[in-house]
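Comments concern the structure below.
Quick note on labels: first sequence line is chain A, next is B, and so on, each numbered from 1.
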There are 2 protein chains.
Amino acid sequence: MRVTTGTKNRTRQAIVDAAIELLAGNPACSLGEIAAAAQVGRTTLHRYFAERADLMAAVADEGGERLTRAARLAELDRGTGAEALLRLCREYFDLGSLLSLVFSEQTGDCWDAQEEPGVEAVVRRGHADGSIDPVLPADWVVSLMWSQLYAAWSYLGERPGASRHYVLDLLTRTVANAVRGPGAI
Amino acid sequence: MRVTTGTKNRTRQAIVDAAIELLAGNPACSLGEIAAAAQVGRTTLHRYFAERADLMAAVADEGGERLTRAARLAELDRGTGAEALLRLCREYFDLGSLLSLVFSEQTGDCWDAQEEPGVEAVVRRGHADGSIDPVLPADWVVSLMWSQLYAAWSYLGERPGASRHYVLDLLTRTVANAVRGPGAI
DNA sequence: CTGTAGTGGAACACACGTGTTCCATGACGG
DNA sequence: CCGTCATGGAACACGTGTGTTCCACTACAG
């Protein structure tokens with residue numbers, strides 16, 4: 001039984017990637033557009049994902065894996081809470097258009113249902129070690145981080161000339177200041 | 001020629017209000033849902049706004065007026081740049097679901113095409129008087145404010161028990177810290 | 001060469017939102 | 001009471017997205 005799934009997996013991945021890219025810009029995107037962007041016929045798309053919901057589930061899965069990978073790269077256990085949070089910001093920022101997708105699902109918490117508890121634990125560590133203002137609730141700090149991530153990503157998208165590193169610097173400065181609280185140097 | 005438009009204006013306003021409320025939650029909302037929320041028939045809605053675009057234009061007009069009113073209440077000329085910016089945050093926060101609507105139109109700048117220059121001028125005043133970190137570009141500060149406004153509004157919506165004043169306090173603390181820069185007390 | 005896997009185009013039925021027309025009903029002032 | 005006004009329901013045609021079926025084409029292994 002040879003593994004002919006090499007081609008299938010490649011096609012499937014192309015569809016999911018195109019879906020993430022297009023859904024980020026337009027959540028009401030049609031399957032035809034996604035198929036065209038993936039350079040695949042609409043028939044083929046339906047062969048991999050019978051219903052729209054199936055594709056959405058695959059997109060959610062892929063997004064969740066990317067988030068988990070980024071969180072692992074951030075080494076959340078290292079340094080103060082604020083330092084870990086800023087490392088996470090930098091890793092998440094590299095996720096690109098996926099940010100819009102995660103953020104637009106304000107209420108659809110399906111995304112980081114597993115991630116968020118870990119991030120909130122980092123914030124509480126920051127509360128304890130004094131690097132994060134204890135007045136700010138952990139879930140507030142998390143939503144603050146996400147809204148700034150989204151703002152930074154769209155800021156970058158609206159200014160074709162802007163450097164990715166420059167915007168990332170603005171983002172980390174802003175989050176660091178917002179979280180630090182009024183007491184520090 | 002008696003002014004029978006009392007009823008008409010009331011109906012029209014009810015439709016626009018319902019549209020703002022529903023479009024904030026779901027930008028792809030159908031006209032039928034809007035009509036139902038406004039407690040009018042779909043026929044009546046079409047009598048006031050022939051096409052969907054006409055209703056959208058009316059919503060944009062109403063939103064623009066509310067934004068202008070809030071900016072006037074904030075007395076942007078008074079105090080330091082940072083103080084004026086925080087007053088504006090508080091007034092904007094009271095706009096409620098309109099925040100989602102304005103924010104979701106990331107690229108559709110039709111909203112504050114008149115407002116934004118004024119706000120950016122406030123930020124530059126803050127740059128000059130030392131109340132806002134000059135390292136942060138004015139348009140960055142504006143997008144920072146909007147993303148935090150949106151985050152605060154959805155934070156409030158997701159926590160039915162949370163006090164509006166408490167969330168507003170979190171918002172102003174966060175924005176004040178983010179904008180203040182690393183140098184101050 | 002032959003069979004199979006992966007693909008894509010064409011066509012269809014269905015659901016939904018939209019914009020329109022027509023007609024009936026209730027309210028209000030003359 | 002009667003005419004007008006604002007309204008809402010029913011029905012229709014149209015466009016678009018969706019999910020399905022059927023068939024033809026290409027690449028590749030045996």
When you check the phosphate oxygens OP1 and OP2 of C/dG6, does a side-chain N or O of A/Tyr48 lie under 4.0 Å from one of them?
-> no
Got a donor-acceptor pair under 3.5 Å from the side chain of A/Arg47 to the base of C/dG8?
-> yes
To the nearest angstrom, the CE-C1' distance between B/Met56 and C/dT18 comes to 12 Å
Mind calculating the distance between NE2 (A/His46) and P (C/dA10) to the nearest angstrom?
-> 17 Å
Base of C/dG19 paired with side chain of B/Arg42 (donor-acceptor, under 3.5 Å) | yes
Where the side chain of B/Thr11 is defined as all heavy atoms beyond and including C-beta, which of D/dT18, C/dG8, D/dT7 is the nearest nucleotide?
-> D/dT7
Do the rings of B/Phe103 and A/Phe103 sit parallel, tilted or perpendicular, given the 30° and 60° boundaries?
-> perpendicular
Nearest-Å distance for atom pair CZ/C1', residues A/Arg52 and D/dT20 = 17 Å
Shared hydrophobic cluster for B/Met56 and B/Ile34 (ILVMFWY, side-chain gaps under 4.5 Å) | yes
For B/Asn26 and C/dC16, what is the distance between atoms CG and C1' respectively, to the nearest whole Å?
-> 14 Å
From the options D/dT18, C/dG8, C/dG19, select the nucleotide whose nearest atom is closest to the side chain of B/Leu31.
-> C/dG19
Please name the pair of heavy atoms, one in A/Leu88 and one in A/Leu76, separated by the smallest distance, quoted to 0.1 Å.
-> CB-CD2, 4.0 Å
According to a strict under-4.0 Å criterion, is A/Thr44 in side-chain N/O contact with OP1 or OP2 of C/dG8?
-> yes
Is it true that A/Arg47 and A/Asp54 have a side-chain N and a carboxylate O under 4.0 angstrom from each other?
-> no
Among C/dC22, C/dG19, C/dG9, the one nearest any side-chain atom of A/Thr43 is C/dG9
Checking all strands, does A/Ser30 fall into the base, sugar-phosphate, or nothing category for heavy-atom contacts under 4.0 angstrom?
-> sugar-phosphate
Identify, between B/Glu33 and A/Gln39, the residue whose nearest nucleotide on DNA chain C lies closer to the 5' end.
-> A/Gln39
